[in-house]
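Since the structure comes first, as structure tokens, the remarks are kept for the end.
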Amino acid sequence: MAVHVGEIHTELSGTRGPTTDASDAAGSGAPQYPGVREDEWRGMQAHILRLRSRVCAEDFDD
């Protein structure tokens, strides 16, 4: 089955999304508590491991 795409339009924006923390909105960028960056890193690593485990089965074809 063939697919033909005539046009693709993309709109990019250089601004950041809305902030949820008042300190970030003020521009201070200070962490909310000691170790917040490490917690973010651990969360990202856990997410990566979950994604990796989805495709680690033997003879997996995607």
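The structure presented is a predicted model; accordingly, all values stated were derived computationally and were not measured.
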* **Residues clustering with Leu51 (ILVMFWY side chains joined when closer than 4.5 Å, directly or via others)** => none
* Look up atom CZ in Arg52 and atom CD in Gln45, then write down how far apart they are to the nearest 0.5 Å. => 8.0 Å
* Going from CZ on Arg42 to CG on Leu49, what distance comes out if it is rounded to the nearest 0.5 angstrom? -> 13.5 Å
* To do: Before giving the answer on side chain to side chain contact (heavy atoms under 4.5 Å, CB included), spell out for Glu40 and Arg37 the whole-Å C-alpha distance, their side-chain angles and the decisive distance to 0.1 Å.
  => CA-CA 5 Å; Glu40 291 173 353; Arg37 300 290 182 213; 3.4 Å; yes
* Asked: Which residues satisfy the side chain to side chain donor-acceptor pair (under 3.5 Å) test with Glu11, sequence neighbours excluded?
  -> none
* Asked: Do the side chains of His47 and Arg50 get nearer than 4.5 Å, heavy atoms only?
  -> yes
* For Glu7 and His9, does a side-chain donor sit closer than 3.5 Å to a side-chain acceptor? -> yes
